[in-house]
Amino acid sequence: MTTRPAAVVVLAAGEGTRMKSSTPKVLHEVAGRSLVGHAVAAAQELKPDHLSVVIGHGRDLVAAHLAEVAPGVTTAVQEQQLGTGHAVGVALETLPELDGVVVVTYGDVPLLTGDTLHELVEQHVADGNAATVLTAHVADPTGYGRIVREADGGVGRIVEHKDADEATLAITEINSGIYAFDAAVLRAGLGRITTQNAQGELYLTDVLGLARQDGRRVGAVVTGDAWQTEGVNDRVQLAAVNREFNRRVTEKWMRSGVTMIDPASTFIDVTVVLERDVVLRPGVQLRGRTEIAAGAEVGPDSTLIDTVVGPGASVVRVHANGAQIGAEAAVGPYTYLRPGAVLETKSKAGAYVEIKKSTVGPGAKVPHLTYVGDATIGEGANIGAGTIFANYDGVAKHPTTVGKHVFVGSDSVLVAPVELADGSYVAAGSTVVSATEPGELAVARGRQRNIAGWVARKRPGTKTAAAAEAAAGDTTGTNEGDEP
């Protein structure tokens, strides 16, 4: 039977000065989710009775973010950062009297998984420990607290790096800062710890030492995946964790049946959903709530944000945000799909096309060099190159409706609000300001007239005039004065 913790406490109050950022450290993102968002997601997998996040620096921003991404989470404010022991005490003051297991974790360890936390809790209960710490062996333990083992294999002490002597510094087993406690042991220990250390802070690690002094067992769970203990303190570490997280995400999807030509240049947020036989070419970024159906091909050099791609669609060199791309639709290259763009089955949006808040019907085509805004384009319609849907009059946006199998000639302007009926045509170069009836041809352009001799009179001595004169001479020579 899986043990359900009484509470999980996530410590996320630190300033993160090494990030050198106006954004609180725990709000920086890895794979499309904030650092604290990853911590909360892992904690929620334990289904605790209470989940509390301790906030401090940038508290208003962090609290607002948590309310958005994890509305069931409670927050506790640490007014002064006086150490990890103080932070946990602040959290417990906001919770009811707890009985059972309390897990303590951090808001800046994004690779930590719910499975690892489950293992920590189950081992803690199975061994009857007063406290259990998650540890790892690392090649360079600089900066980490060291695990000092007793002869029986239990944890005797955890010594912070700044308080360690040379022998202790040589230890490679490090403290992750992630613990499972018996609730009563934790409350009692927090009342007894002191600030007698190099930092003058209340160390949570001292609670483990006190439990050991009282004859209680302190155990450890060693993870073989040291990345799960890796915290983020600066931009270099943020980038390193991002790379590793992305490597794991891309590997997961490839093992699920997705083809990636170059995983190293493919970036996928943790919230993205992919189906089998999707092909991702180099330079693809999939962000937010993007979903790609079976058999679709994306890339190269495409960014999709909160975009749904249907089965068998082709998306090449596209930037899409909040768009829907239907089954077997073709998009790109160099296409910009803005929020509300909907391309239905087998439709097309081609090179240098921008579409916003518009629907392109089944089999309809917007092949190139066109802006479509606030429009509905019917089934099978063809929008010529250089067409502008003039949807904005300087005050309000207006709709354009293009019916089924309408043909709009190149270099036309459709001035909204306007409706083109099914089966109508628009002549190239027209500015359309009124509706058409079915089967009509709209011609809205000035009549052409050619002024003879204009170049000779207005541009004498130019290369243009010389070319015209030569061409006129050639024409005269071939049509006049020839022998029969």
Side-chain angles (χ1 to χ4, degrees), residues 300-301 316-319 330-338 347-356 358 360 364-375 377 380-395 397-398 400-403 405-421 423-437 439-484:
D301 307 325
V316 180
R317 290 191 169 90
V318 171
H319 187 98
V331 188
Y334 310 113
T335 308
Y336 182 21
L337 302 182
R338 293 166 55 187
S347 61
K348 176 179 177 60
Y352 303 103
V353 169
E354 179 178 349
I355 301 177
K356 164 253 176 188
S358 299
V360 181
K365 298 179 181 179
V366 188
H368 31 219
L369 300 164
T370 293
Y371 169 72
V372 181
D374 299 280
I377 299 174
N382 190 345
I383 309 300
T387 297
I388 301 297
F389 286 65
N391 57 326
Y392 184 47
D393 64 6
V395 177
K397 302 290 180 68
H398 300 282
T400 297
T401 300
V402 177
H405 300 287
V406 167
F407 183 92
V408 178
S410 297
D411 197 29
S412 295
V413 180
L414 308 181
V415 182
V418 69
E419 182 172 351
L420 306 181
S424 60
Y425 270 66
V426 173
S430 293
T431 298
V432 179
V433 297
S434 60
T436 63
E437 295 296 325
E440 289 186 340
L441 168 65
V443 183
R445 62 191 182 203
R447 183 177 297 275
Q448 179 177 327
R449 68 189 182 99
N450 299 342
I451 303 172
W454 187 90
V455 172
R457 293 194 303 273
K458 300 295 186 179
R459 299 291 186 269
T462 64
K463 292 180 181 180
T464 304
E469 183 179 357
D474 289 344
T475 301
T476 301
T478 56
N479 293 308
E480 295 181 15
D482 291 341
E483 292 291 329

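For the numbers below, each heavy atom of this structure counts, side chains included, while hydrogens, waters and symmetry mates do not. Fair warning: this is a prediction, and the values are worked out from it, not measured in the lab. Residue numbers count from 1 along this sequence.
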In Å and rounded to the nearest 0.5 Å, what is the CG to CD distance from Leu337 to Glu354? 9.5 Å

Are there over 12 heavy-atom neighbours, none belonging to Lys397, within less than 6.0 Å of that residue's NZ? yes

If every non-hydrogen atom of Ala442 is compared with every non-hydrogen atom of Ser430, which pair is closest and at what distance? O-OG, 3.7 Å

Side-chain touch Thr400/Asn391, heavy atoms, less than 4.5 angstrom: no

Within-4.5 Å side-chain heavy-atom neighbours: Arg457 and Ile451: yes

Just wondering, do Ser347 and Lys365 contact through their side chains at under 4.5 Å, heavy atoms? no

Roughly how far, to the nearest 0.5 Å, is CD1 of Ile355 from CG of Asp374? 12.5 Å

When rounded to the nearest 0.5 Å, the distance separating CG of Leu414 from NE2 of His398 is 14.5 Å

Under the side chain to side chain contact (heavy atoms under 4.5 Å, CB included) rule, what do Ile377 and Phe389 come out as? Steps first, then yes or no, please. CA-CA 11 Å; Ile377 299 174; Phe389 286 65; 4.0 Å; yes

Walk me through it: do Thr464 and Arg459 pass the test side chain to side chain contact (heavy atoms under 4.5 Å, CB included)? CA-CA 8 Å; Thr464 304; Arg459 299 291 186 269; 5.5 Å; no

If I compare all heavy atoms of Ala349 with all of Thr335, which pair ends up nearest, and what's the gap? O-OG1, 3.5 Å

Residues in side chain to side chain contact (heavy atoms under 4.5 Å, CB included) contact with Ser424, at least two apart in sequence or another chain: Val406, Leu420, Thr436

Please report the shortest heavy-atom distance between Ala381 and Gly403, naming the atom on each side. CB-O, 3.8 Å

Do other residues, nucleotides or ligands put more than 12 heavy atoms under 6.0 Å from Glu440 CD? yes

Scanning both residues in full, the closest heavy-atom pair of Ser358 with Gly373 reads OG-C, 3.4 Å

Taking every heavy atom of Ala390 against every heavy atom of Val413, the minimum-distance pair comes out as CB-CG1, 4.0 Å

Checking Val426 against Thr387 for the side chain to side chain contact (heavy atoms under 4.5 Å, CB included) test, could you report, in this order, the C-alpha distance in whole Å, the side-chain angles of both residues, the deciding distance, and whether it holds? CA-CA 11 Å; Val426 173; Thr387 297; over 6 Å; no

Do the side chain of Thr370 and the main chain of His368 share a donor and acceptor less than 3.5 angstrom apart? yes

Closest non-hydrogen atom pair, Val418 against Val433: CG2-C, 4.1 Å

Run Val360 and Val372 through side chain to side chain contact (heavy atoms under 4.5 Å, CB included) and show every step you take. CA-CA 9 Å; Val360 181; Val372 181; 5.5 Å; no

Is the ring pair His319/Tyr336 parallel, tilted or perpendicular, if the boundaries are 30 and 60 degrees? perpendicular

Can you tell me if Phe407 has over 12 outside heavy atoms packed within less than 6.0 Å of its CZ? yes

Once you round to the nearest 0.5 Å, how far does CD1 of Ile383 lie from OH of Tyr371? 14.0 Å

